[in-house]
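Source: prediction; values computed, not measured.
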Amino acid sequence: MPRTAITLTETIEHLSVLNEHGEVDTDLEPEISQDTLLELYRAMLLGRRFDERMLDLQRQGRIGTFPPIKGQEAAQMGSIIHLKESDWLVPAFRETAAEIWRGRSLESVLLYYNGFNEGTIIPEQQKDMPMSVPVGSQILHATGIGYGAKYRKNGEIVMTYFGDGATSEGDFHEGLNCAAVYQVPVVFICQNNQWAISIPLKQQTRSETIAQKALAYGMPGIQVDGNDILAVYVATQEAVQRARNGGGPTLIECVTYRVMMHTTADDPSRYRSDEEVEKWKLKCPLSRFEKYLQQKNILNDTNCEEIESLVLDRIQTAIHKAEQQMAAPPDPLDMFDHLFEKLPPHITRQKEEVLRYLNSLKTGNRREGEHNG
Amino acid sequence: MAKMTMVQALNLALRQEMAKDDSVLILGQDVGPDGGVFRVTDTLIDDFGPERVIDTPLAEAAIAGMAIGMAVYGLKPVCEIQFSGFAYQNFHQIENHAARMRWRSQGRLNVPMVMRAPYGGGVRALEHHSESREAYWAHTPGLKMVIPSGPRNARALLVAAIRDPDPVIFYEPKALYRAFREEVPEQEESMEIGRSQCIREGDDLTMIAYGAMIPPAMEAAKELEKLGISAEVIDLLTISPLDDSVMIESIKKTGHGVIVHEAPQSFGAGAEIISRLMEGAFYYLEAPLVRVTGYDIIIPYFSREKAYMPDVQRILAAARATLNN
């Protein structure tokens with residue numbers, strides 16, 4: 001009956017390919033076509049500019065509360081690019097850039113954040129889940145979908161996103177544990193942006209990395225520089241290949257930073273210093289990628305301006321369209337729709353009651369108008 | 001027709017639906033070789049394999065959360081929670097996601113899952129094993145809440161629940177699992193969810209009950225018969241959406257009503273039933289409607305369990321009180 005040590009041989013890898021000065025490790029540099037690199041840049045820039053514009057709109061009272069993504073564009077684009085159309089995206093609530101890449105319209109984002117249910121419409125055939133607000137709860141859906149994909153043996157894989165805060169939730173543990181037990185094809189992307197509202201990573205977990213949690217579940221885990229799109233790209237590519245080849249799930253920790261507030265209702269100056277934010281701004285994923293593309297002569301002043309202007313036009317058009325759609329008052333009766341496939345009698349009665357009430361208001365108003373006239 | 005217990009009837013429903021449709025999967029703790037702690041899934045793993053009868057880690061949120069993912073994927077998962085008292089560990093998954101997915105995605109995604117769980121007292125169980133908390137689920141928009149009361153309707157309702165395109169919470173009265181046998185047809189049988197049934201006709205009094213309270217309600221009706229009182233008994237079968245048409249018609253006929261459930265009284269199904277009856281049959285009432293329910297306390301450990309549970313005597317006392325009022 002000895003008391004012996006069980007030696008664990010696993011280690012956690014940290015991957016960084018492109019540093020904050022735009023210098024690349026050519027040994028680790030992935031082969032990506034020029035077109036794809038430009039496409040990624042456009043998507044990152046769109047994510048950034050749309051986010052900035054949304055903040056303006058929110059401050060002007062033209063949309064409601066939303067969670068900015070600024071600083072996390074590389075973590076999203078470097079991973080989502082590996083999903084095929086037939087694969088599944090299970091987002092949390094800060095994956096706007098990834099969702100847009102998958103085909104979500106900017107208008108729908110604006111509608112959603114202005115309180116219109118219409119903003120949650122997912123086009124038919126698109127295998128994307130709607131945003132999930134309760135932290136970490138969507139991780140289990142990814143595992144369930146992964147189980148379905150494995151059961152149907154159709155080669156589909158699932159990618160799910162969550163933040164560092166989610167890793168404290170039971171659903172994170174249950175989701176990763178079950179994913180590993182059943183060896184389902186799921187890539188778990190943690191955007192470790194250092195802050196879960198006001199709680200810093202150090203208060204979230206005593207683990208040195210989030211990636212190492214993968215070891216406890218019996219799945220590969222890797223930490224990458226989440227502001228380095230090439231590192232995210234490489235790690236996700238490996239995880240996606242593993243998932244497609246029946247190798248089961250992977251946890252990828254993207255070390256990044258939430259440059260802005262948690263949501264527009266939050267004031268981060270209460271809990272973190274400007275110095276910290278400024279330090280992270282120097283690690284900006286977008287400008288780093290820009291430098292890389294310039295060095296490779298893929299991006300120059302001319303096409304850079306062109307892309308910027310196209311992106312801004314697209315955003316402006318979307319705002320215009322969304323505002324046109326939102327100008328018409330929404331029909332309140334729609335709120336009863338889509339609760340069940342077939343509305344039960346008691347809810348139908350409630351819907352009719354609302355209709356009667358609204359009609360009585362109209363009649364009342366008309367009478368009042370007639371009286372005044 | 002074979003005479004079956006409720007456990008056997010539920011097993012039949014699962015077996016037939018699984019044989020018919022390979023998208024039907026079972027997941028839960030000990031549902032595989034063990035056949036579930038009450039043996040509802042007994043031997044299903046032999047016929048359908050571990051890919052379809054999935055023994056899960058001990059994780060209620062995972063069972064429900066994975067079922068949601070599977071359902072969105074296009075499968076029809078039937079998850080088993082060993083006792084309803086452990087379902088609160090997945091309540092957030094059902095409330096936050098299963099119940100809302102269709103609405104949130106504007107009809108694009110639906111969650112055709114079933115969550116089965118034994119509920120209720122009367123079997124001398126441990127703490128957390130005897131609660132009757134159907135009101136939580138019934139209060140949640142987007143869920144259907146079903147409670148059968150006998151082998152035959154349990155089988156037919158479970159078949160309907162599996163085929164239902166929306167999430168169904170299926171509470172099984174464990175006091176009735178093996179309490180009696182009933183003839184259950186071998187051939188397919190399904191019942192509509194959202195319909196209550198008048199299971200005994202009468203003119204003087206309406207008794208409304210469900211699940212494990214049906215046998216004492218029926219027994220009380222027989223006792224009343226001896227006193228010359230003719231009691232109608234309505235079995236709700238679905239708690240939500242609540243079918244108020246049968247009960248309203250019945251009250252219009254009898255003018256007197258007793259509602260029986262073992263769940264705590266306040267904010268329970270009885271309160272909603274009384275509201276519906278007030279709205280639908282107020283002018284026909286000849287006395288206040290009466291509730292015979294559990295008390296607003298934690299169901300006591302089993303040495304005091306009998307004092308908590310509504311029984312025939314309490315139902316009779318309530319019936320006499322409302323009739324004499």
Side-chain angles (χ1 to χ4, degrees), chain A residues 88 90 117-134 136-152 156 158 160 169-171 173-182 184 186 334-347 349, chain B residues 22-23 25 27 51-52 54-75 77 89-90 92-93 95-97 99-110 112-113 141-144 164-167 193-194 238 240-245 272 276 279:
Chain A
W88 289 77
V90 183
N117 292 37
E118 290 84 341
T120 62
I121 295 171
I122 301 159
E124 206 58 45
Q125 301 311 318
Q126 197 169 316
K127 291 169 174 176
D128 293 4
M129 293 285 270
M131 267 193 288
S132 176
V133 174
S137 57
Q138 76 285 357
I139 295 172
L140 280 163
H141 309 160
T143 300
I145 293 171
Y147 193 95
K150 191 179 175 189
Y151 176 66
R152 290 298 189 203
E156 295 169 14
V158 190
T160 185
E169 292 275 6
D171 284 0
H173 166 72
E174 294 188 30
L176 267 73
N177 187 48
C178 288
V181 166
Y182 301 119
V184 295
V186 181
D334 289 352
M335 69 187 171
F336 292 96
D337 295 344
H338 307 302
L339 187 62
F340 293 102
E341 188 179 77
K342 190 167 168 255
L343 211 58
H346 70 288
I347 306 180
R349 285 203 295 268
Chain B
D22 74 351
S23 61
L25 272 66
L27 67 160
E51 261 198 318
R52 294 185 62 194
I54 308 160
D55 263 331
T56 63
L58 214 164
E60 286 78 9
I63 294 166
M66 281 177 64
I68 291 166
M70 290 172 173
V72 164
Y73 188 83
L75 302 177
Q89 281 167 291
N90 73 34
H92 74 298
Q93 280 291 341
E95 149 62 36
N96 287 323
H97 296 295
R100 295 165 183 253
M101 196 63 79
R102 184 189 289 279
W103 184 86
R104 183 187 298 146
S105 66
Q106 292 279 286
R108 165 76 169 71
L109 303 172
N110 63 324
M113 68 177 278
L143 297 181
K144 294 178 182 175
D164 199 286
D166 289 305
I193 289 175
T238 304
S240 179
L242 186 65
D243 175 10
D244 50 29
S245 56
E272 179 62 27
R276 300 279 185 104
E279 288 162 7

query = Given a strict heavy-atom distance threshold of 4.5 Å, which part of Q125(A) is in contact with chain B: side chain, backbone, both, or neither?
reply = backbone

inquiry  = Is R102(B) in contact with chain A via its backbone, its side chain, both, or neither, using a 4.5 Å heavy-atom distance?
reply    = both

inquiry  = Is L58(B) in contact with chain A via its backbone, its side chain, both, or neither, using a 4.5 Å heavy-atom distance?
reply    = neither

request  = Name the member of T143(A), N117(A), I121(A) that forms the most heavy-atom pairs with chain B at distances under 4.5 Å.
outcome  = N117(A)

task = Evaluate the side chain to side chain contact (heavy atoms under 4.5 Å, CB included) criterion for residues L140(A) and E174(A): first the C-alpha distance (whole Å), next the side-chain angles of each, then the deciding distance (0.1 Å), finally the verdict.
result = CA-CA 7 Å; L140(A) 280 163; E174(A) 294 188 30; 4.1 Å; yes

note = Most heavy-atom pairs under 4.5 Å with chain A, out of G142(B), P167(B), P141(B), belong to G142(B)

request  = Determine the option with the most heavy-atom pairs under 4.5 angstrom with chain B, choosing from S132(A), P134(A), P345(A).
outcome  = P134(A)

Minimum side-chain heavy-atom gap T238(B)-D243(B) below 4.5 Å = no

query = With chain B, which of M129(A), E118(A), K342(A) has the greatest number of heavy-atom pairs at distances under 4.5 Å?
reply = M129(A)

task = Decide, yes or no, whether a salt bridge links D244(B) with R349(A) under the criterion of side-chain N to carboxylate O below 4.0 Å.
result = yes

note = H173(A) meets the ring-ring contact (aromatic ring centres under 6.0 Å, His included) criterion, sequence neighbours left out, with Y217(A)

key: Side chain / backbone / both / neither for A149(A) at chain B, heavy atoms under 4.5 Å   = both

ask   = With chain A, which of D164(B), L143(B), I63(B) has the greatest number of heavy-atom pairs at distances under 4.5 Å?
value = L143(B)

key: Residues which pass side-chain contact (heavy atoms from CB on, under 4.5 Å) with R100(B), listed by chain and number, not counting sequence neighbours   = E95(B), R104(B)

key: Derivation of the side chain to side chain contact (heavy atoms under 4.5 Å, CB included) call for C178(A) and M66(B)   = CA-CA 9 Å; C178(A) 288; M66(B) 281 177 64; 3.6 Å; yes

task = For this output row, return yes or no: ring centroids of W88(A) and Y73(B) closer than 6.0 angstrom.
result = yes

Modelled atom types, side-chain donor and acceptor of Q106(B) and D337(A), under 3.5 Å = no

Which atoms of Y147(A) approach chain B - backbone, side chain, both or neither, heavy atom under 4.5 Å = side chain

task = Just give me the residue among R276(B), R108(B), M70(B) that pairs up with chain A most often, heavy atom to heavy atom, under 4.5 Å.
result = R108(B)

request  = Side chain from CB out, backbone as N, CA, C, O: work out which of these in P165(B) comes under 4.5 Å of a heavy atom of chain A, or both, or neither.
outcome  = side chain

message = Please classify the contact between E60(B) and chain A as side chain, backbone, both or neither, with a heavy-atom cut-off of under 4.5 Å.
response = backbone

query = Going by heavy atoms in the side chains, are V90(A) and I145(A) under 4.5 Å from each other?
reply = yes

message = Does any part of the side chain of L25(B), heavy atoms only, come nearer than 4.5 Å to the side chain of E51(B), both counted from C-beta?
response = no

task = Identify which part of Q93(B) has an atom lying under 4.5 Å from any heavy atom of chain A, answering side chain, backbone, both or neither.
result = side chain

inquiry  = Tell me whether the rings of H141(A) and H97(B) are parallel (<30°), tilted (30 to 60°) or perpendicular (>60°).
reply    = perpendicular

message = Taking side chain as everything from C-beta outward and backbone as N, CA, C, O, which of these in A59(B) sits under 4.5 Å from a heavy atom of chain A? Side chain, backbone, both or neither.
response = both

query = Checking heavy atoms, do the side chain of T56(B), its backbone, both or neither come under 4.5 Å from chain A?
reply = both

ask   = When heavy-atom pairs shorter than 4.5 Å are enumerated against chain B, which of A179(A), P123(A), G119(A) gives the highest number?
value = P123(A)

ask   = Quick one: what part of D166(B) sits under 4.5 Å from any heavy atom of chain A, side chain, backbone, both or neither?
value = side chain

note = So, the part of D55(B) with a heavy atom under 4.5 Å from chain A: the answer is backbone

message = Is any side-chain heavy atom of P112(B) closer than 4.5 Å to one of N110(B)?
response = yes

